[in-house]
Protein chains: 2
Amino acid sequence: MKQSKKTETIILQAALELFVRKGYHGTSINDIMKKVNFTKGALYAHFKSKSELLFKIIEEFKTKYIDQLIKTTTEHKGDTIEKLNYALSFNSEFALKNPDLCVFLTFMTTELNSNIDFQYALKAVYRTYMNFISSLISQGIRQGIIKNDLDPDLAALTFMAIHDGSLHQWVLNREHLDGREYVRTFRTIFMKGITK
Amino acid sequence: MKQSKKTETIILQAALELFVRKGYHGTSINDIMKKVNFTKGALYAHFKSKSELLFKIIEEFKTKYIDQLIKTTTEHKGDTIEKLNYALSFNSEFALKNPDLCVFLTFMTTELNSNIDFQYALKAVYRTYMNFISSLISQGIRQGIIKNDLDPDLAALTFMAIHDGSLHQWVLNREHLDGREYVRTFRTIFMKGITK
DNA sequence: AAAAAAATACTGATCGGTTAGTTTTTTCTT
DNA sequence: AAGAAAAAACTAACCGATCAGTATTTTTTT
């Protein structure tokens with residue numbers, strides 16, 4: 001890998017870690033560069049602004065997470081219930097392997113609101129996510145597997161809410177919380193809650 | 001009401017609004033005071049620091065929201081299911097009347113992490129909340145109403161996760177989202193998900 | 001007139017970002 | 001393969017703006 005690409009990767013990695021822990025505005029460029037043992041000026045050889053870091057991370061969030069979730073879930077064999085279960089598993093495994101990236105959008109919402117361009121990028125990703133889950137649930141309703149008094153969009157938002165909220169609680173209680181058991185719990189509750 | 005108390009109230013109100021929309025670090029003292037048509041110096045006649053605003057809001061969050069939720073739910077007549085349903089209603093109504101205060105802790109988590117004292121105050125409130133819901137669920141299990149393969153703490157976290165996450169999604173989609181229908185949806189899913 | 005509330009004017013520190021110059025890496029020439 | 005030239009990566013010092021916070025003066029309330 002090229003030197004330049006390598007540096008950009010570690011800067012983005014450090015930025016993500018700090019943004020998630022202290023917020024975008026709570027993290028200074030010096031904080032980031034100190035973490036990777038470079039000085040501030042070096043950042044501007046690779047990125048044109050602090051905000052570009054954020055946009056790059058949003059992009060990564062979409063391609064590595066949301067797009068992959070949609071792709072592999074679509075390809076997954078089985079009916080809607082099995083697909084939703086797979087999506088839940090994908091989420092949990094992704095959260096285990098990339099905790100910072102996974103909580104990124106959830107944790108950043110407030111601060112992303114302070115900039116109209118951040119806001120736009122954020123909503124676009126969420127829209128893609130919701131539309132996909134919503135279409136899965138619609139399928140399930142047509143197939144008669146999922147309760148037909150549920151609005152697919154609202155049920156999809158609930159799916160996302162459980163995931164977002166669970167991650168939130170998990171981060172708050174990381175040290176004294178059995179991740180696997182927790183996943184099993186909210187998966188059971190959600191799946192039983194939507195099926196006929 | 002005393003003049004001084006009145007001013008303090010509107011400053012706190014403005015601070016809350018801005019913190020929730022732009023984050024703690026994303027909001028400057030000038031932003032707050034511009035909003036209430038005072039100058040910066042005036043703030044320090046009432047509060048000793050920016051962080052004191054935050055602690056005061058956390059306190060308000062606890063006394064007006066969490067403590068009230070616990071008190072009125074405890075007093076509510078009925079079995080555990082009815083109490084949990086009441087708690088869900090309380091949450092929804094509180095969110096409708098005090099949207100900013102309601103989302104405050106959820107939206108502020110990341111930034112609160114940048115300060116150890118914020119972190120401590122935050123976790124204490126969440127702990128109180130979780131312990132209460134957990135004890136309700138334990139009751140329900142003993143009464144044979146709630147599935148006994150659920151861990152009460154983890155189910156309580158799921159309850160909180162749904163609430164947190166739903167608020168999050170609601171704020172993101174305020175304009176094109178029917179609040180009441182949304183509440184009905186995640187309430188149905190959660191309650192069906194935990195009952196035998 | 002006394003006391004409280006607010007405005008004004010300021011401090012030092014830190015912010016994101018820029019610059020000039022140095023070191024390291026890559027590319028080209030032989 | 002060796003060495004020169006070019007390009008890329010990085011540092012350190014610095015910029016103007018803005019930050020939280022303070023000291024002092026003016027205005028308002030009682």
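Throughout, protein chains are lettered first and strands after them, A, B, ... in sequence-line order, and every chain is numbered starting at 1.
In this structure, B:N91 contributes its side chain and B:L88 its backbone to no donor-acceptor pair below 3.5 Å.
Taking the six-membered ring for Trp and thresholds of 30 and 60 degrees, B:F90 and B:Y65 have nearly parallel ring planes, at less than 30 degrees apart.
Every residue was checked against the salt bridge (charged side-chain N to carboxylate O under 4.0 Å, His left out) condition with B:E59, not counting sequence neighbours, and none meets it. For B:K64, the salt bridge (charged side-chain N to carboxylate O under 4.0 Å, His left out) partners at least two apart in sequence or on another chain are B:E60.
Taking atom CG on A:N115 and atom C1' on C:dG16, their separation rounds to 14 Å, with Å as the unit. One atom, CD of A:E52, and another, P of C:dG17, lie 10 Å apart when rounded to the nearest Å. Distance CZ (B:F47) to P (C:dA4): 17 Å, rounded to an integer number of Å.
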Let me check something: any side-chain donor-acceptor pairs from residues 137-147 of chain B under 3.5 Å, sequence neighbours excluded? List them with distances.
unit_1 : atom_1 : unit_2 : atom_2 : d
B:S138 : OG     : B:S134 : O      : 3.2
B:Q143 : OE1    : B:T80  : OG1    : 3.0

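The residue B:A45 sits apart from the nucleic acid: no heavy atom pair falls under 4.0 Å.
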### Message
For a side-chain hydrogen bond (donor to acceptor under 3.5 Å, both in side chains) check, start with the C-alpha distance between A:R187 and A:S89, then their side-chain angles and the critical distance, and finish with the verdict.
### Response
CA-CA 9 Å; A:R187 175 202 292 255; A:S89 296; 2.8 Å; yes
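Within the structure, a side-chain polar atom (N or O) of B:T7 is placed less than 4.0 Å from OP1 or OP2 of C:dA6. Between A:Y44 and the phosphate of C:dT18, there is no side-chain N or O to OP1/OP2 separation shorter than 4.0 Å.
Side-chain contact between A:Q169 and B:Y126 is present, with at least one heavy-atom pair separated by less than 4.5 Å.
A nucleotide of DNA chain D counts as in contact with chain B when one of its atoms lies under 4.0 Å from a heavy atom; the first and last such, 5' to 3', are D:dC19 to D:dT22.
Listed by first and then second residue, the salt bridge (Lys or Arg N to Asp or Glu O under 4.0 Å) pairs that reach into residues 96-116 of chain A are A:R21-A:D100, sequence neighbours excluded.
Near-neighbour residues of DNA chain D inside residues 25-41 of chain A, defined by a heavy atom below 4.0 Å, number-ordered: A:N37, A:F38, A:T39, A:G41.
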